[in-house]
Protein chains: 2
Amino acid sequence: MASDGVAEFLRRLMLRSPLSAEEQHAVLHLSGQRYAMASGQDIVTPGQTVDHACLVVTGLAGRFDLDGEGCRQFTAFYLPGDMCDLHSVPSPHTGWGISALVPMTILRIPHAELRALVSRYNAVALALWLDTVVDASILAKWLAIFAHKTAKAGLAHLLCEMGIRMETVGLGAKTHFTFEATQEHLADTLGLTKVHMNRTLQALRKDGLVECVGRVIDIPDWPRLAKLAEFDPAYLLLKPQPTHFTAQIHERGIAANPD
Amino acid sequence: MASDGVAEFLRRLMLRSPLSAEEQHAVLHLSGQRYAMASGQDIVTPGQTVDHACLVVTGLAGRFDLDGEGCRQFTAFYLPGDMCDLHSVPSPHTGWGISALVPMTILRIPHAELRALVSRYNAVALALWLDTVVDASILAKWLAIFAHKTAKAGLAHLLCEMGIRMETVGLGAKTHFTFEATQEHLADTLGLTKVHMNRTLQALRKDGLVECVGRVIDIPDWPRLAKLAEFDPAYLLLKPQPTHFTAQIHERGIAANPD
DNA sequence: CGTCGTCTTGATTAACCTCAAGAGGTGTGG
DNA sequence: CCACACCTCTTGAGGTTAATCAAGACGACG
């Protein structure tokens with residue numbers, strides 16, 4: 001019944017939170033209206049008050065903040081299975097916006113459904129809360145990396161993160177994945193100009209740390225890139241906290257709690 | 001019975017979330033052990049797994065991230081009444097640390113108590129969740145400002161934020177408050193060196209935008225500082241979202257929902 | 001009275017921005 | 001099939017912001 005994106009959302013929750021069969025079932029019964037978004041279209045307009053959260057079914061979305069001159073700063077990326085704007089459940093009025101970085105499909109899930117879910121199932125409430133905490137953890141790491149580090153290390157870190165996240169949701173391997181963000185999107189994430197982003201990316205390519213054809217990213221030497229970035233995936237709060245764990249994730253699958 | 005810091009925490013929650021008398025009462029019954037922390041001491045060590053959250057009773061705490069070379073990046077400041085590390089309720093293992101920036105007293109509240117509270121009272125669960133969302137909202141704003149803007153505008157923005165937050169918790173006015181962070185702490189927040197932070201602060205002083213004696217901050221011309229910073233307090237998610245509201249906050253007091 | 005933490009200053013170097021323009025691809029309409 | 005617009009990526013030269021290294025001044029504290 002629910003391979004319209006909700007199953008991927010449940011899978012994401014269970015990466016970090018154990019849920020009973022009943023709770024899983026309840027999550028899978030979430031429903032909402034499907035929308036197709038054009039590239040560049042706003043999923044959430046800055047300052048809007050919303051009565052629903054948006055689940056990314058396919059594509060890539062970015063949360064952004066606007067400054068006075070209209071410059072964008074991206075503060076999160078959302079992949080398929082991510083519930084963007086889950087924050088809006090406790091805080092329906094958001095200052096930020098979310099836009100589609102590529103043509104994509106989303107599922108709008110009413111707050112009413114989510115609130116009913118969390119009031120009935122305590123474990124689900126904690127799971128959703130944890131989901132926003134993960135978002136905040138990534139944000140804190142971005143701040144630490146982008147404010148302190150050089151553009152090269154910052155970009156390297158972002159690519160490592162996207163690699164792990166893509167692999168975790170089954171979209172390629174951490175060393176080989178498709179990341180549909182333009183160089184300008186990346187520049188607006190790291191707080192650089194697109195010119196400097198271009199040169200930084202070239203530097204990584206010249207060092208043999210990254211290869212790109214189209215929007216496909218290849219990381220020929222993961223350890224070296226991770227070392228340059230000082231990348232430690234612990235902040236992504238995936239279950240097995242010790243550092244070398246990514247291999248296990250796929251084998252575990254979604255049925256962690258069959259009872 | 002509970003003017004040991006818990007009342008201030010309840011007050012903070014009620015700035016953003018309406019709670020019934022029973023719910024308020026339940027929050028006030030939170031208890032924990034009181035600790036005195038020395039300046040510079042870690043309240044939470046990076047990588048630690050905790051079974052309690054820490055309520056700031058007096059003083060100032062900072063959440064930080066460490067990079068490979070041991071450089072600190074602060075990712076949050078916590079004032080009296082703030083529950084630092086509330087994130088640890090859904091995620092007990094944290095990558096970041098929290099340290100006392102001045103001598104301070106805290107209250108350690110066991111996760112067990114907080115979890116019992118949220119499982120009984122749905123509105124409290126949403127209130128706590130919202131509290132971590134506010135934290136994330138500040139983080140997103142910091143990223144946007146510090147990554148994009150010049151040091152001068154970034155520092156101006158931080159001072160505006162601290163002014164509003166101090167006034168909101170009743171510690172001075174937004175244009176006149178005590179902020180016990182050293183220039184080095186500020187540098188580690190904006191991602192600058194302490195040398196450059198010093199010069200940036202001097203620039204603000206020379207422009208007549210800020211005056212400091214000791215750790216007391218004076219903002220002679222708030223509108224001009226706010227304009228330089230492009231400061232809009234909406235991201236702090238205080239209740240009356242329209243822009244000019246700070247006057248009302250004090251008058252409302254804690255008894256917003258007497259029933 | 002000396003030590004330590006914090007603030008301050010100067011000179012040099014590196015990182016990043018700004019402005020400007022061109023190259024390559026893609027989709028569209030004539 | 002070509003012409004055109006548009007988006008993204010790329011390159012160059014010069015200017016600004018902030019980092020680095022080094023050292024001195026000041027006050028608080030024991």
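Numbers restart at 1 for each chain; the letters A, B, ... are given by sequence-line order, proteins then strands.
Distances from the side chain of A/Val195 to the nucleotides C/dT18, C/dC7, D/dT20 place C/dT18 closest. Taking the side chain of A/His196 as heavy atoms from C-beta on, and the options C/dC16, C/dT6, C/dC19, the nearest nucleotide is C/dC16.
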### Query
Stepwise, does the side chain to side chain contact (heavy atoms under 4.5 Å, CB included) test hold for A/Leu228 with A/Arg224?
CA-CA 6 Å; A/Leu228 168 64; A/Arg224 207 150 61 88; over 6 Å; no
### Task
Start with the C-alpha gap between B/Thr182 and B/Arg215, add the side-chain angles, then the distance that decides, and say whether side chain to side chain contact (heavy atoms under 4.5 Å, CB included) holds.
CA-CA 8 Å; B/Thr182 66; B/Arg215 294 290 152 77; 3.8 Å; yes
### Task
Applying side chain to side chain contact (heavy atoms under 4.5 Å, CB included), run through A/Thr94 and A/His87 and close with a yes or a no.
CA-CA 8 Å; A/Thr94 61; A/His87 310 263; 5.7 Å; no
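When the C1' atom of C/dC17 is taken as reference, atom NZ of A/Lys194 falls 13 Å away, rounded to whole Å. A straight line from CE of B/Met197 to P of C/dC7 spans 11 Å, rounded to a whole angstrom. For the pair A/Glu180 CD and D/dC7 P, the interatomic distance rounds to 17 Å; values are reported in whole Å. The distance between atom CG of A/Leu101 and atom P of D/dC7, rounded to the nearest whole Å, is 16 Å. With rounding to whole Å, A/Leu186 atom CG is found 12 Å from D/dT8 atom P. Atom CZ of A/Arg215 is separated from atom P of D/dC7 by 13 Å (rounded to the nearest Å).
Listed pair A/Gln183 / D/dC7 fails the phosphate criterion, with no side-chain N or O lying under 4.0 Å from OP1 or OP2.
At the heavy-atom level, A/Thr182 lies under 4.0 Å from the strands shown only through sugar-phosphate atoms. In this structure, A/Gly191 reaches the sugar-phosphate backbone alone: every heavy-atom distance under 4.0 Å involves primed, P, OP1 or OP2 atoms, never a base.
Atom CG of A/Leu79 is separated from atom CG of A/Leu60 by 6.5 Å, given to the nearest 0.5 angstrom. For the atom pair A/Trp222 CH2 and A/Ile164 CD1, the distance stands at 4.0 Å (nearest 0.5 Å). Atoms CZ and CG, on B/Arg199 and B/Leu204 in that order, are 15.0 Å from each other to the nearest 0.5 Å. Distance OG1/A/Thr193 to CD/A/Glu184: 10.0 Å, rounded to 0.5 Å.
The end-to-end axis angle of the helix from C/dC1-D/dG30 to C/dG30-D/dC1, rounded to 10 degrees and based on five pairs per end, is 30°.
Side chain of B/Thr189 to backbone of B/His185: a donor-acceptor contact under 3.5 angstrom is found.
No hydrogens or angles considered: a donor-acceptor pair under 3.5 Å links the side chains of A/Arg63 and A/Thr75.
For the contact set between residues 198-209 of chain B and DNA chain C, defined by any heavy atom under 4.0 Å, the members are B/Asn198, B/Arg199, B/Gln202, B/Arg205. Near DNA chain C, meaning a heavy atom under 4.0 Å away, there are no residues from residues 143-160 of chain B.
The aromatic rings of A/Tyr235 and A/Phe231 stand perpendicular to each other, their planes meeting at an angle above 60°, with 30° marking the opposite boundary.
No salt bridge links A/Asp65 with B/Lys149; every basic N to acidic carboxylate O contact stays at or beyond 4.0 Å.
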